2 protein chains.
Amino acid sequence: MPLSREKIAATAIRLADAHGLDGLSLRKIAKELGVGPMRLYDYVINKSELLDLMVDVVYARIAEVGQRPGWRDTVLAIAHATRDAALDHEWFSDVLGGRPHLGPHALAVGEATAAALSAAPGVRDIGDLQRAVGALNAFVIGSVRREVTERRTARSTGTDEAAFQASLGPYLTRMLRTGRYPTVARLVIDGAHLNAEETFNHNLTTILDGITSRPPT
Amino acid sequence: MPLSREKIAATAIRLADAHGLDGLSLRKIAKELGVGPMRLYDYVINKSELLDLMVDVVYARIAEVGQRPGWRDTVLAIAHATRDAALDHEWFSDVLGGRPHLGPHALAVGEATAAALSAAPGVRDIGDLQRAVGALNAFVIGSVRREVTERRTARSTGTDEAAFQASLGPYLTRMLRTGRYPTVARLVIDGAHLNAEETFNHNLTTILDGITSRPPT
DNA sequence: GCTCGCTACCGTACGGTGTATCCACCAATA
DNA sequence: TATTGGTGGATACACCGTACGGTAGCGAGC
């Protein structure tokens, strides 16, 4: 079974899922494939291109959600698929928005969202569309990044109260007890029991409403 | 003049501004300071902590905008200050949302935005506040990241049409000419002459409107 | 049938990274 | 003066991405 770009990308994704993007190296990928490190360069220009490959594989999964009847359902489906993909492949959130996504499947996803948004009320010309796409993408990128980061710190510190107090506690509780950050303290103490997906969906709805309900200029 | 955390962070920021986060290494920082690499470890636990230090220095600048009369002006000022900071220190956008920002100045910025938003109409309980902060931060993070990325690719390919066609052109124009991405093609060809700050401000307004105009549940 | 060139593969090597460890010096104290 | 403690530096290790040179197999031309 010969090597191929697809095979390399697949095992790279597996390794990145397991050990993060920092723990990913061409040498480990090659070893996993039972091959010398330099062998990979016959299929890939450099590590950056390999990353682009991995990213586009994930976009392929996102693109699978396809078209829905209404523009709003389409946008919601794509946004949720992006979130799901990032939760499955946390490294994906590390590169979200950090490099141009120009792979064929990434373009397909972009096309689907742009086409859907162009059918939304309140989007009248290209300028409107450009802004709407920008706002939506920005929100999705930021949300997903934030959620993945929270999940990582929760995992590294331990979810339960005790471990949290033990690791971040000494510093954070001391900080919050200074009284200089009362609102943040309230958020940290009283909050945190919100369902992440619901929050995502709620804010997504808010933004879509904001886009569609803009008054005619 | 002895070494100090502040001094180290300052030259690290200078180097990162000039050569990006990838081009930043402890050895280069040390050399810039006329010191052996290991000296830095007397002031900093590891590179990660140094990064946190750098990030909080930037947050200090953002926090300087301080309080404004109205909640909306405050939020707008902080968002724009964040954007300005990220445009001055592009590496800042690379870590935005990618790690918990717990430095004192970062907490101050978080406190200021949360306090402002808690005074916004439509924000009634902690859940509302949590969602509002999340939506706003997500948008700012995503927007800034996107803008910095665009600026980088524009710089690396060259802004003018010719250089663009020469570098990304061969691939991208071929892709767009397949006809599979008509909406994206329209965006790429007809768009792109929007003012970035105006777009940021416009979308920011849209989101704040969306937050404040939510119907009572 | 023999040789030649080409391709697919591989190992080694270089310059760089973050960081642990040990070592030399030098100032202050007993 | 002898000792000690701390400060700054050099060296070393494991790992990284990747440039380069070499080798084995194989099909094509004489």
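Note that the structure is predicted; figures quoted are calculated from it, not measured. As a basis for the values below, the full set of heavy atoms in this structure was taken, side chains included, without hydrogen atoms, waters or symmetry mates.
When all heavy atoms are compared, the tightest approach of A/Y43 to A/R5 is O-NH1, 3.0 Å. Scanning both residues, B/D56 and B/P104, for their nearest heavy atoms gives OD2-CD, 3.2 Å. Summarising the geometry of A/L24 relative to A/K47, their closest heavy-atom pair is O-NZ, 3.0 Å, with the distance given to 0.1 Å.
Here the C1' atom of nucleotide D/dG8 and the OH atom of B/Y43 are 10 Å apart, to the nearest Å. In this entry the distance linking CD1 of A/I29 with C1' of D/dC15 reads 15 Å, nearest Å. What separates NZ of A/K47 from P of D/dC15 is a distance of 15 Å, to the nearest Å. For the pair A/D22 CG and C/dG18 C1', the interatomic distance rounds to 12 Å; values are reported in whole Å. With rounding to whole Å, A/D42 atom CG is found 14 Å from C/dC6 atom C1'. For the pair A/L26 CG and C/dC10 C1', the computed distance is 16 Å after rounding to whole Å.
Here the side chain of B/Y41 is nearest to one of D/dC20, C/dG18, D/dG9, namely C/dG18. Side-chain atoms of B/S25 lie closest to C/dT17 of the nucleotides D/dA10, D/dA19, C/dT17.
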Check the pair B/I141 / A/I141 against side chain to side chain contact (heavy atoms under 4.5 Å, CB included), numbers first and verdict last. CA-CA 8 Å; B/I141 291 173; A/I141 291 173; 5.6 Å; no
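At a threshold of 4.0 angstrom between heavy atoms, the contacts of B/L40 with the nucleic acid are absent.
At a threshold of 4.0 Å, the pair B/R27-B/E32 does not count as salt-bridged, since none of the basic side-chain nitrogens sits closer than that to a carboxylate oxygen.
A side-chain N or O of B/E111 and one of A/T183 form a donor-acceptor pair less than 3.5 Å apart.
With hydrogens and angles left out, the side chain of B/R27 and the base of C/dG16 share no donor-acceptor pair within 3.5 Å.
Taking only side-chain nitrogens and oxygens, A/K28 comes nearer than 4.0 Å to OP1 or OP2 of D/dC16.
Nearest-nucleotide positions on DNA chain C for B/P37 and A/R39 put A/R39 closer to the 5' end.
Remark: the backbone N or O of B/R68 is paired with a side-chain donor or acceptor of B/T74 at under 3.5 angstrom.
Between its two ends, the helix from C/dG1-D/dC30 to C/dA30-D/dT1 turns its axis by 40°, counting five pairs per end and rounding to 10 degrees.
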